[in-house]
Structures are given as structure tokens and as C-alpha cells.
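Everything below concerns the one structure shown next.
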Amino acid sequence: MSSEEQDLGELSDLAREVATRAGELVRIGRAEAIGDIGTKSSVSDVVTAMDTACERFLIETLAERRPGDAVYGEEHGRHAGSTGVRWIVDPIDGTVNYLYGLGDYAVSVAVEVDGVVVAGAVSRPSSGELFHARRGHGAYLDDRRLHTSAPTGLDVTLVGTGFGYDATRRTQQGTVVLGLLHRIRDIRRMGSAALDICYVADGRLDAFYEWGLHLWDYAAAALIAAEAGVDVRRPTTEEGLFYVAAPTISAALLAELESVIDPQWNVAR
Ligand code: IPD
């Protein structure tokens, strides 16, 4: 094994370790954390005391183990580094589910080297599952290798999506669902984009899309999906479309989505 391979292996191991440890922190501390909540961009955009505590744990642990690396997180923003390695963390993706005691919430940890995501881990603390991948080495759920599904047409395609917190965007997103629903098997809105994307990697969903996701929502999961053979399209702008789908229906579903977008709606891929 080359020293570069060994370094990537160590980064990947650390991503898995911190995602798992942070997940345990989040799960164990829920009862106390949900008594202390605030809001961000709108009243539906909640932040619990655990979002901030967990991100602090991630930043401090990474700083201790990898001094000099940059960290980019949902709650505390950017911490510059000098090594060319950047960690992209979401301490709780699916905060509303966490608040309500629903199991679909996750801790997401991705690691980038010179701007390329090389490893990612998404933990689902309520079930103890850990989705993870290392670039070029496949995607796994714990020890099981993940593979995309292969639906034969849109009528047997189960599609996940999500809605942002801004009211205007939500209305537009609802219109898209309305236009799509009669063409596909069904829609799911589970509440954690990171997990939705991992579910496409595991064939629990055939596709997932959402406009306006943040990098921390999808950085780790997008690598996991790509390594499972899923067609992954990352947004080119902040408002853009994040899209993942099984290759067998990807082009057809994307065309369908584009056909139902209102031209007045200013979105870009
Ligand atoms: C949200 C979830 C949700 C998606 C939203 C995200 P948060 O992240 O991923 O599924 O629809 O757009 O903001 O707020 O729970 O970290």
C-alpha cells in the first residue's frame, strides 16, 4: 500500500469513528437537548442545543487528532486550515425528526483533500447503522457492500425529496411534486437529505432530489451514492438541484423533473 493510500485509509477511519461517536452523543443526549431549542432561517428551521454541542465535539475532536485541517460545519461555520484537508460536518441532519423522536436523523462527516471528497460517513444513531465510503473503494452499510437499485421504468420508481425552510421555495417544491406524482411509483419525504441519499445507495429509494441543499447535507452521502453506482448530479449554484438516481431511470426522471419546473422559477442545475 502506498503512503498516500495509507493516509486516505486513516482519514476514512477517522471519519467513521467521529461520525459514530458523535451519533452516540446525539442519541444519548436527546431528552435534555430537545428542551433547549432555537430557530434559524424560519420558525420551522430549528436548532437544538445538541446541534451546537455535537458540532463543537466534532470540531474539537478533529482539531485534536488532525491539527491544521480545516473544518466546515452547519452551526459554527468555517475554521481555516493549512494542510489541504477539509472536514465537512453536519452535526444533526434531520433536526425536525430528532425533535419529534422520529428515527431518521443523522450525523454526516465528509473529508476533502485539495477540494475532492475522498471519504464520508453518515451515522443513523437511532438504529446504530453507519453508511460509509472511500473514493474508489465502494460504499458500505456497516460491513455490507451497497449497490444501487435498477428500476425498469418511472412507474416503478420510488422517489425521495425534501423541502427547504423558505415558504416560497416550499410552494414551488410542492408544485414539482404535484407534476411528478402521477408518473412515478410514489414519493417519500423522510426528513434527512443525508439519509435519503444513502437510501438511494442502498436501494431503499430509487432516486432523490432537492433544490437548495447545503454542502454539509450531501458531501458525505453523495460519495457513498456514487460509490454504490448511483448517478449523482451535484448543484452548480447554491439554489441548484441536487439529484441522485439509479442509472436505469436517471435520464428519464431528470427529463420529467425539468418538464414540470415553472420557467419563472429561477433555479439552475
Ligand atoms: C434538512 C434536512 C431535510 C431537507 C432540508 C435540510 P437539517 O437539514 O436534510 O431533509 O429537506 O433541506 O435543511 O436542517 O435537518 O440539518
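All ligand and atom numbering here is 1-based and tracks the order in the structure.
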Distance under 4.0 Å to a non-hydrogen atom of G162: what atoms of ligand 1 satisfy this? 11 (O)
Could you walk me through whether L58 and R56 pass side chain to side chain contact (heavy atoms under 4.5 Å, CB included), step by step? CA-CA 5 Å; L58 289 166; R56 204 174 315 115; over 6 Å; no
With distance as the sole test, does S250 use its side chain to make a donor-acceptor pair with the main-chain N or O of A246 at under 3.5 Å? no
Out of Y165, Y105, F208, F163, who gets a non-hydrogen atom closest to atom 13 (O) of ligand 1? Y165
If the cut-off is 4.0 Å to any non-hydrogen atom of E74, which atoms of ligand 1 fall inside it? 16 (O)
Contacting atoms of ligand 1, where contact means under 4.0 angstrom from a heavy atom of D93: 1 (C), 2 (C), 7 (P), 8 (O), 9 (O), 15 (O), 16 (O)
E210 heavy atoms within 4.0 Å reach ligand 1 at atoms 4 (C), 5 (C), 11 (O), 12 (O)
With rounding to the nearest 0.5 Å, note down the distance linking SG in C54 to CD1 in I59. 10.0 Å
So does E10 have more than 12 non-hydrogen atoms from other groups sitting under 6.0 Å from CD? yes
Against heavy atoms of G191, which atoms of ligand 1 measure under 4.0 Å? 2 (C), 3 (C), 10 (O)
Pull out every atom of ligand 1 sitting under 4.0 Å from any heavy atom of S192, numbered as shown with elements. 9 (O), 10 (O)
Mind checking whether L213 has an N or O less than 3.5 Å away from an N or O of ligand 1? no
Quick one: do the D51 and T95 side chains pair a donor with an acceptor below 3.5 Å? yes
Which one holds for R189 and ligand 1: side chain close, backbone close, both close, or neither close, with close meaning a heavy atom under 4.0 Å? side chain
Please work out, at 4.0 Å between heavy atoms, whether the side chain, the backbone, both, or neither of I92 comes within that distance of ligand 1. backbone
Using a 3.5 Å cut-off and no angle test, enumerate the donor-acceptor pairs between side-chain atoms of residues 195-209 and protein atoms at least two apart in sequence or in another chain.
{"residue": "Y199", "atom": "OH", "partner": "D104", "partner atom": "OD1", "Å": "2.4"}
{"residue": "Y199", "atom": "OH", "partner": "R124", "partner atom": "NE", "Å": "3.0"}
{"residue": "D202", "atom": "OD1", "partner": "R144", "partner atom": "NH1", "Å": "3.0"}
{"residue": "D202", "atom": "OD1", "partner": "R144", "partner atom": "NH2", "Å": "3.4"}
{"residue": "D202", "atom": "OD2", "partner": "R144", "partner atom": "NH2", "Å": "3.3"}
{"residue": "D202", "atom": "OD2", "partner": "R204", "partner atom": "NE", "Å": "2.8"}
{"residue": "D202", "atom": "OD2", "partner": "R204", "partner atom": "NH2", "Å": "3.3"}
{"residue": "R204", "atom": "NH2", "partner": "E129", "partner atom": "OE2", "Å": "2.9"}
{"residue": "D206", "atom": "OD1", "partner": "S149", "partner atom": "OG", "Å": "2.6"}
{"residue": "D206", "atom": "OD2", "partner": "L158", "partner atom": "N", "Å": "2.8"}

Going by heavy atoms, is M190 under 4.0 Å from ligand 1? no
Min N/O separation G164 to ligand 1 under 3.5 Å: no
Using atom types as modelled and distance alone, determine if a side-chain donor or acceptor of S192 lies under 3.5 Å from a backbone N or O of A106. no
Side chain to side chain contact (heavy atoms under 4.5 Å, CB included) between V122 and L130: does it pass, once the steps are laid out? CA-CA 6 Å; V122 175; L130 182 72; over 6 Å; no
Measure D217 to ligand 1 on non-hydrogen atoms and call it side chain, backbone, both or neither using the 4.0 Å cut-off. side chain
Backbone or side chain, does any N or O of D196 fall under 3.5 Å from an N or O of ligand 1? no
Are I224 and Y140 joined in one hydrophobic group, where the rule is that I, L, V, M, F, W and Y side chains link up if heavy atoms are under 4.5 Å apart? no
State the CZ-CZ distance between R66 and R86, to the nearest 0.5 angstrom. 15.0 Å
What atoms in ligand 1 come closer than 4.0 Å to a heavy atom of A193? 2 (C), 9 (O), 10 (O)
Does ligand 1 have any atom sitting under 4.0 Å from a heavy atom of H214? no
